[in-house]
Amino acid sequence: MSGLWNWFYSKGEDTLLEILSSGPVPQHIGFVMDGNRRYARRNHKEVKQGHVDGYAALRGILEICMRLGVRCVSVYAFALDNFKRSPDEVDALMNLAETKLLELCEHGELLEKHGIRLNVIGKRSLLPLSVQTVVKKAEDLTKNNDKAVLNLCMPYGSQDEMVTSVQTSVREALTLNDPDFVITEEDIDRNLMMSLVNSPPLDILIRTSGVKRLSDYLLWECSENTQIQFLSCYWPDIGLWDLIPIILEYQRKATMFHVGDVVPPFSYSISIWQHLF
Ligand code: FPP
Ligand code: MG
């Protein structure tokens with residue numbers, strides 16, 4: 001009986017994803033994957049296991065985003081600040097990155113299946129050499145994938161991203177040898193790590209775990225058009241049902257913008273339902 005129920009449930013999810021993907025779909029979603037340790041504590045697991053379960057959740061969310069047709073997903077996998085955590089926890093996260101990055105790129109695995117290119121964004125020189133080697137290999141393995149992009153931000157900090165961009169812009173300006181040259185907002189934007197890998201504008205930023213902070217993540221990229229959403233679930237518990245209201249809200253706003261009219265909540269998706277049945 002439970003097999004039958006699972007079959008119906010999974011068919012229901014497939015249908016829902018198909019319906020949602022026929023509306024306006026965000027091009028770029030960012031995730032602050034927060035709450036792994038509280039999830040571990042609540043479930044009487046080790047902190048390390050909380051991060052392992054967090055990785056499983058990342059795979060699930062990536063699969064959902066791909067089926068929705070999202071072109072770019074950026075995740076905060078390790079903040080520069082996370083180096084201040086205990087050496088045990090930092091080691092566990094680095095080992096996780098080392099083992100799982102290659103797993104993700106293997107033949108028939110998620111990145112190949114959906115044609116996803118992997119970019120690791122941040123101060124990569126701070127990663128252990130063994131992780132840097134794996135990162136390079138994983139990026140090389142996926143460099144020809146052109147359907148979607150996964151930006152794994154590690155070790156990343158927004159202020160560092162902006163400072164690095166200013167430094168690059170100043171270096172560029174110096175080579176021009178023109179005393180009147182002015183560095184503009186466009187120059188800083190163009191030299192951001194996110195722009196250098198051609199990421200589209202950030203449509204939605206989602207943070208889990210009930211904490212309402214940006215924590216030095218994609219501060220420049222969050223524009224007036226970015227929908228910022230805070231979810232109360234811990235990251236390893238996130239699933240399709242947490243994303244649905246967020247996508248519906250995006251579609252409602254996108255429809256309003258295009259039609260120039262006020263559309264009541266959910267009416268866009270209801271009209272898709274009516275269209276299908
Ligand atoms: C934040 O929760 C989470 C992290 C610091 C790590 C996130 C990493 C993953 C989900 C796995 C990434 C996968 C790869 C392949 C690198 P927290 O530790 O701050 O938990 P808390 O808020 O409950 O303390
Ligand atoms: Mg946290």
Side-chain angles (χ1 to χ4, degrees), residues 29-66 73-106 109-114 116-124 126-139 141-142 149-158 160 205-218 230-239 242-243:
I29 307 186
F31 291 94
V32 180
M33 309 186 285
D34 196 25
N36 289 358
R37 294 185 297 186
R38 276 167 286 163
Y39 157 90
R41 220 172 297 135
R42 195 193 56 198
N43 292 289
H44 313 288
K45 295 181 175 187
E46 282 185 45
V47 165
K48 203 159 59 171
Q49 188 57 42
H51 293 312
V52 172
D53 291 359
Y55 166 73
L58 168 59
R59 292 181 61 106
I61 285 296
L62 203 51
E63 180 85 46
I64 291 170
C65 287
M66 293 306 112
V73 174
S74 298
V75 294
Y76 208 3
F78 193 91
L80 279 168
D81 220 40
N82 289 155
F83 279 118
K84 294 182 190 145
R85 293 192 178 185
S86 74
D88 263 6
E89 190 181 346
V90 173
D91 280 355
L93 281 163
M94 292 301 150
N95 288 337
L96 190 65
E98 202 176 323
T99 51
K100 300 300 183 187
L101 273 185
L102 281 185
E103 178 186 291
L104 273 176
C105 304
E106 273 169 18
E109 261 289 345
L110 211 54
L111 299 192
E112 190 192 68
K113 182 175 150 202
H114 293 288
I116 308 172
R117 192 179 77 232
L118 173 81
N119 299 312
V120 174
I121 291 183
K123 249 194 167 33
R124 292 157 55 143
L126 296 181
L127 295 171
L129 282 179
S130 56
V131 179
Q132 287 186 40
T133 308
V134 165
V135 162
K136 176 95 191 39
K137 199 164 167 192
E139 284 184 337
L141 278 169
T142 62
V149 172
L150 169 64
N151 293 321
L152 197 69
C153 301
M154 71 173 293
Y156 174 90
S158 228
D160 173 69
L205 180 71
I206 299 173
R207 181 180 185 141
T208 51
S209 93
V211 173
K212 296 195 171 100
R213 287 195 303 263
L214 294 181
S215 299
D216 205 19
Y217 192 55
L218 303 183
F230 298 100
L231 293 173
S232 57
C233 64
Y234 296 144
W235 173 256
D237 288 326
I238 192 172
D242 300 297
L243 283 194

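Computed from heavy atoms alone, side chains included, the values below leave out hydrogens, waters and symmetry copies. Since the model is a prediction, treat every value here as computed from it, not as a measurement. In listed order, ligands and their atoms are each counted from 1.
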### Message
Below 4.0 Å from ligand 1: does a non-hydrogen atom of R41 turn up there or not?
### Response
no
### Message
Closer than 4.0 Å to some heavy atom of N82 - which atoms of ligand 1 meet that?
### Response
5 (C)
### Message
Could you tell me if the side chain of V73 sits less than 4.5 Å from the side chain of V149, heavy atoms only?
### Response
no
### Query
Side chain, backbone, both or neither: which part of V211 comes within less than 4.0 Å of ligand 1 when only heavy atoms are counted?
neither
### Query
Taking atom CG of L243 and atom CD1 of I64, what is their separation to the nearest 0.5 Å?
5.5 Å
### Nearest non-hydrogen protein atom, atom 13 (C) of ligand 1
Y55 CD1, 3.8 Å
### Message
salt bridge (charged side-chain N to carboxylate O under 4.0 Å, His left out), that's the test. Do D81 and R85 meet it? Break it down for me.
### Response
CA-CA 8 Å; D81 220 40; R85 293 192 178 185; over 6 Å; no
#### Entry: Closest approach of any protein heavy atom to atom 6 (C) of ligand 1, naming residue and atom
A77 O, 3.4 Å
### Query
Can any side-chain N or O of R207 pair as donor or acceptor with the backbone N or O of R213 at less than 3.5 Å?
yes
### Message
Other residues, nucleotides and ligands only: do more than 12 of their heavy atoms fall within 6.0 Å of NZ on K45?
### Response
yes
### Query
Crowded around E109 CD? As in, over 12 foreign heavy atoms under 6.0 Å?
yes
### Query
Do E63 and H114 come close enough that some side-chain heavy atom pair is under 4.5 Å?
yes
### Query
Heavy-atom distance to atom 11 (C) of ligand 1: which of L58, L152, L96, V47 wins?
L96
### Query
Would Y156 and F78 count as a close aromatic pair, with their ring centres under 6.0 Å?
no
### Task
Would you check the N or O atoms of K100, main chain and side chain alike, for any that come under 3.5 Å of an N or O of ligand 1?
no
### Message
If the cut-off is 4.0 Å to any non-hydrogen atom of G54, which atoms of ligand 1 fall inside it?
### Response
10 (C)
### Task
Report yes if some heavy atom in the side chain of F31 is under 4.5 Å from a heavy atom in the side chain of S74; otherwise report no.
no
### Message
Can you confirm, on distance only, whether ligand 1 has an N/O atom lying under 3.5 Å from any N/O atom belonging to G35?
### Response
yes
### Query
Should you measure from each heavy atom of R85, which atoms of ligand 1 turn up under 4.0 Å away?
5 (C), 17 (P), 18 (O), 19 (O)
### Query
Are E89 and R37 within salt-bridge range, i.e. N to O under 4.0 Å?
yes
### Task
Could you find the nearest protein heavy atom to atom 1 (C) of ligand 1 and give me its residue, atom name and distance?
M33 O, 3.1 Å
### Message
So for S209, does at least one of its heavy atoms come nearer than 4.0 angstrom to any atom of ligand 1?
### Response
no
### Message
Only heavy atoms of R38, strictly under 4.0 Å: list the atoms of ligand 1 that pass.
### Response
21 (P), 22 (O), 23 (O)
### Query
Quick one: nearest non-hydrogen protein atom to atom 4 (C) of ligand 1, plus distance?
H51 CE1, 3.9 Å
### Query
In D34, which N, O or S atom comes closest to the Mg ion (ligand 2)?
OD1
### Task
Distance to 0.1 Å, residue and atom name: give those for the protein heavy atom nearest to atom 24 (O) of ligand 1.
R37 NE, 2.8 Å
